[in-house]
Amino acid sequence: GLDPMMKFIPEHITKAAFAEYGETLEGAAEAIWQFNKAIVDATFDLIPAVKPQIAMYEQFGIPGLIAFKKTVDYCKEKDLVVIGDIKRGDIGSTADMYAKEAFIRYNADAVTVNPYMGLDAVKPFLDYADKGVIILCRTSNPHSGDLQNLVADGRPLYEHVALLADENVELHCGQRVRVTGGPFQGIEGILTKIKGVFRRKVVVHIEGVAIVSAPTIDSRLIEPIKE
């Protein structure tokens, strides 16, 4: 995760950026970019992918978005898969533009999306056949159960999300399930329930954010499905 916060950026990087651009949005964005670059330089030969969280960049306005784009471009130069952690969840033309922003403007390889407005919020992203889509399903934040655990037709809501993905997403590389990072009560049971929804074999990871549909996603993100 490339989720920069100013308080965690080494002082020498911040000082250099502020010396050049002042204590401005441009200065903050430059510090973020230099910090990200240093992280990527130190890790690109050890990791397959990065996941920058766009809100961490949006808070610094246009300069922050420029830093986001520079980060994405640099990671791809290093042959890393870039997962845009955007968690968009709107519909119609707005969802179309969010997908265009992520895949065309920023050239992310995959994105995170919020499906709780229904399939309409996901489909515009799925229309990009060469990209990956990570769909929130059961998350680990303290109040996720307020909605995700509500039972309808004998299933908690998060199982209906998994079922929606299984019924509507055409996959060419198996199904991948991710549950938001961090331990939470009943993790094994939750994963078992999610796996039980799918008609296809699945690979389960206790990190990331939920169900990845990836029609032709980069092979570096694919792991063999074991019996």
Side-chain angles (χ1 to χ4, degrees), residues 1-44 47 49-78 80-117 121-122 124-125 128 131-136 139-144 146-147 178 180-182 207-210:
L2 291 175
D3 306 344
M5 298 179 67
M6 293 301 294
K7 63 183 179 181
F8 296 133
I9 297 177
E11 186 177 0
H12 71 278
I13 294 178
T14 304
K15 281 186 174 181
F18 285 169
E20 183 173 357
Y21 295 98
E23 295 188 20
T24 62
L25 294 178
E26 289 76 8
E30 175 65 13
I32 287 172
W33 156 238
Q34 293 297 337
F35 186 40
N36 285 351
K37 184 175 183 297
I39 292 173
V40 172
D41 286 342
T43 61
F44 75 91
I47 60 175
V50 294
K51 184 170 68 68
Q53 216 303 322
I54 198 167
M56 300 297 185
Y57 303 82
E58 289 176 332
Q59 65 175 315
F60 297 110
I62 298 301
L65 291 176
I66 292 172
F68 182 86
K69 183 64 167 66
K70 289 168 69 174
T71 296
V72 171
D73 289 346
Y74 191 67
C75 289
K76 293 178 79 70
E77 287 177 13
K78 295 293 187 180
L80 294 172
V81 174
V82 177
I83 302 170
D85 191 5
I86 61 175
K87 295 188 179 74
R88 305 302 192 191
D90 216 314
I91 58 174
S93 59
T94 304
D96 290 338
M97 294 304 103
Y98 277 144
K100 184 176 181 179
E101 174 196 39
F103 293 143
I104 303 301
R105 175 64 61 189
Y106 294 126
N107 196 28
D109 298 298
V111 294
T112 58
V113 296
N114 188 329
Y116 283 91
M117 287 183 72
V122 178
F125 296 89
Y128 291 81
K131 301 293 185 177
V133 180
I134 302 174
I135 306 172
L136 273 72
T139 61
S140 63
N141 53 295
H143 288 280
S144 63
D146 293 349
L147 297 177
R178 291 180 180 267
T180 306
E207 64 174 353
V209 282

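All figures in this text were calculated on a predicted structure; none of them were measured in a lab.
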Identify all side-chain donor-acceptor contacts of residues 32-41 below 3.5 Å with residues at least two apart in sequence or on another chain.
residue: Q34; atom: NE2; partner: E30; partner atom: OE2; Å: 2.8
residue: N36; atom: ND2; partner: Y57; partner atom: OH; Å: 2.9
residue: N36; atom: ND2; partner: T71; partner atom: OG1; Å: 3.0
residue: K37; atom: NZ; partner: D41; partner atom: OD2; Å: 3.3
residue: D41; atom: OD1; partner: Y74; partner atom: OH; Å: 2.4

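- Between Y128 and F103, the ring-plane angle classifies as tilted under the 30° and 60° cut-offs.
- With rounding to the nearest 0.5 Å, the separation of CD1 in I86 from NZ in K51 is 11.5 Å.
- A 6.0 Å sphere centred on CD1 of I62 holds no more than 12 heavy atoms belonging to other residues, nucleotides or ligands.
- Expressed to the nearest 0.5 Å, how far CG of L2 lies from CE of M56 amounts to 11.0 Å.
- Residues A95 and P124 approach most closely at CB-CG, 3.6 Å, considering heavy atoms.
- The closest donor-acceptor contact from the side chain of S144 to the backbone of T139 lies under 3.5 Å.
- For the pair R105 and E101, the salt-bridge criterion is not met [side-chain N within less than 4.0 Å of a carboxylate O].
- In this structure, D85 CG and T112 OG1 are separated by 4.0 Å, a value rounded to the nearest 0.5 Å.
- Counting all heavy atoms, side chain and backbone alike, P115 lies closest to V122 at CB-CG2, 3.8 Å.
- The number of heavy atoms from other shown groups lying within 6.0 Å of CD (E58) is above 12.
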For this session: List the steps and the verdict of side-chain contact (heavy atoms from CB on, under 4.5 Å) for E26 and E20.
Result: CA-CA 9 Å; E26 289 76 8; E20 183 173 357; over 6 Å; no
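- A heavy-atom distance below 4.5 Å is not found between the side chains of P63 and T24.
- The salt bridge (Lys or Arg N to Asp or Glu O under 4.0 Å) search around E77 returns none, not counting sequence neighbours.
- Looking at every heavy atom in both residues, M6 comes nearest to A31 through CE-CB, 4.2 Å.
- Between A108 and G84, the shortest heavy-atom contact is CB-N, 4.1 Å.
- To the nearest 0.5 Å, the span separating NZ on K87 from OH on Y98 amounts to 14.0 Å.
- Annotation for A67 and A29: closest pair CB-O, 3.7 Å, computed over non-hydrogen atoms.
- Using a 4.5 Å heavy-atom cutoff, the side chains of Y106 and I54 are in contact.
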For this session: Start with the C-alpha gap between D73 and K69, add the side-chain angles, then the distance that decides, and say whether salt bridge (Lys or Arg N to Asp or Glu O under 4.0 Å) holds.
Result: CA-CA 6 Å; D73 289 346; K69 183 64 167 66; 2.8 Å; yes
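- The heavy-atom pair separating L80 from V50 by the smallest distance is CD1-CG1, 3.9 Å.
- Under the 4.5 Å side-chain criterion, counting only non-hydrogen atoms from C-beta, V111 is not in contact with K131.
- H12 contributes atom NE2, which lies 8.5 Å from atom OG1 of T14 (distance to the nearest 0.5 angstrom).
- Taken from CG in D109 to CD1 in I83, the straight-line distance is 8.5 Å, to the nearest 0.5 Å.
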